[in-house]
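I have placed the structure first, in the form of structure tokens, so that the comments after it can refer back to it.
Chain letters run A, B, ... following the sequence lines, proteins first and then strands; every chain starts at 1.
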Amino acid sequence: MVTARDAPARQGEFEELIRDLRVDLFRYAFWLCRDGALADDLVQEALVRGWRAFDSLKERNAAKQWLLTILRREHARHYERKRLETVDIDGLARSQEALLARTQRPEVEDMRNAIFRLSDDYREPLVLQVLMGYSTKEIADVMNLTQGAVLTRLSRARKMLREALGDADTRASTG
Amino acid sequence: MECLEFRRLCGSDPHNEDPAFVAHAESCSHCATFARETRAFDTVILEALKVEPAHPTVMPAAILGEEASQPRQAFWRPVRWLGLAASVVLVAGLAAGIWVGTSSDTLARDVVEHIHHEPKSLVTTDVSVRSEDIYRVMNRAGYRLRDDVALVTYTRTCVFRGHKVPHLVIQGRQGPITVMLLPEIDVARTISVDQDGFVGTIVPFDEGSLAVVGEPGEDLDMMTAQLVDGIERSK
């Protein structure tokens, strides 16, 4: 049982643990749900749940994967409640314009928009690999897929992005 | 390894360290160029993925409960206005990061402190947030806000004293007005807020309370009345 005397040390440990993870958690949440406000909510919820279950985290260096799993579960819970069946990609893109456009470089902005338009099946493994540094085995564990399926999705994701950016270059040169 | 297989693997993981993959890149200049271009492409992907949060990411103290960040001896300081049994419960509650009781002075102070933690909420603007965001934040607390009550320019679920509460900003004549719905923090009477240039009130609302804080000179009584009338339990 945690006593009041243990509480400050435990809180300090949790605070230190999440200090470096907070921004990456937001980024992962954002690319999962493509909604800045919802991503903020999901991160807060994941941190609250993580704090409550902190004693169950045995390996402190597994904290990132642990919090990501909590966040991912929270995201799934959110969509179960909403029971979304279709997603208006253009509607989402318009509402997130400000967040997506915060860059000085047009090629990065184009890439952001292209990633935004990828479906969940291709976007999530790409985010886990490139942003979070996960191996294909770790991605397979998170997404409950075979490694082969992960490899295929990653390859197709990059191919779709190249095609989308090829279209963007064409529009830019003829517009 | 053949070139086709190399390029397929490279497309899945351009930083592949498999010895056969590395050996092929060293022996085939076309595939080596393909790998370099794919890694450069990934550099742009990585930069694109690094979006920045619009709001400051919530600080741990706000999650753990404001009191959790106080020095350890504060947990043991007697709270004279509570009975001994309630003090024991309060201390146990603090260990869990949840407020059980509240002092009216500290509630007003804590509301203003919370506003200070979210400076980006205090923007004078005529751009409203999305209605689905307002719905989600309010619904999470079990409430809804009628559409015609006010122009809402900021909305977020915040952790305040260990509780998740709706935090809205509406636009008044003098500037932004902070509205915090505190369903699990009840107050026995209306509390005045007058701190750091902010003025307002915290009123009993339903089974909890409602904080409405703005700039001096704002008709906050009228705004509070509109909000009390315009916030209802969601079905």
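- When heavy atoms are compared at a cutoff of 4.5 Å, L161(A) approaches chain B by way of both its backbone and its side chain.
- Inspection of the T69(A) and R72(A) side chains reveals no N or O donor paired with an N or O acceptor under 3.5 Å.
- Taking 4.5 Å as the limit, every side-chain heavy atom of I139(A) sits out of range of all side-chain heavy atoms of R153(A).
- The pair R109(B)-E113(B) fails the salt-bridge criterion, with no side-chain N (NZ, NE, NH1 or NH2) lying under 4.0 Å from an Asp/Glu carboxylate O.
- Between chain B and the residues L126(A), D41(A), L38(A), the most heavy-atom pairs under 4.5 angstrom are made by D41(A).
- Counting only heavy atoms from C-beta outward, the side chains of L17(A) and F54(A) approach each other to under 4.5 Å.
- Considering only heavy-atom pairs separated by less than 4.5 Å from chain A, the leading option among I45(B), L49(B), L46(B), V44(B) is L49(B).
- L151(A) touches chain B through backbone and side chain together, each having a heavy atom under 4.5 Å away.
- A cation-pi contact, defined as under 6.0 Å to the ring centre and within 45° of the axis, is absent between R156(A) and Y122(A).
- Heavy-atom pairs under 4.5 Å with chain A were tallied for D42(B), V137(B), V129(B); the largest tally goes to D42(B).
- Considering only heavy-atom pairs separated by less than 4.5 Å from chain B, the leading option among V150(A), V127(A), L131(A), T136(A) is L131(A).
- For R233(B) and E207(B), the salt-bridge test passes: some basic side-chain N is under 4.0 Å from an acidic carboxylate O.
- A salt bridge between E109(A) and R105(A) is absent, with no side-chain N of the basic residue lying under 4.0 Å from a carboxylate O of the acidic one.
- Side chains of E74(A) and H78(A): a donor-acceptor N/O pair is absent below 3.5 angstrom, by distance only.
- Among residues 8-19 of chain B, the residues having any heavy atom closer than 4.5 Å to a heavy atom of chain A are, in sequence order, R8(B), G11(B), S12(B), D13(B), P14(B).
- Proximity of the aromatic rings of H167(B) and F160(B) is defined here by a centroid distance below 6.0 angstrom, and this criterion is not met.
- For chain A, the nearby parts of K50(B) are the backbone and the side chain; heavy atoms of each come within less than 4.5 Å.
- Ionic pairing of R60(A) and E13(A) is present here: one or more N-O contacts between side-chain nitrogen and carboxylate oxygen are shorter than 4.0 angstrom.
- Chosen from L154(A), D24(A), L25(A), the residue pairing most often with chain B at heavy-atom distances under 4.5 Å is L154(A).
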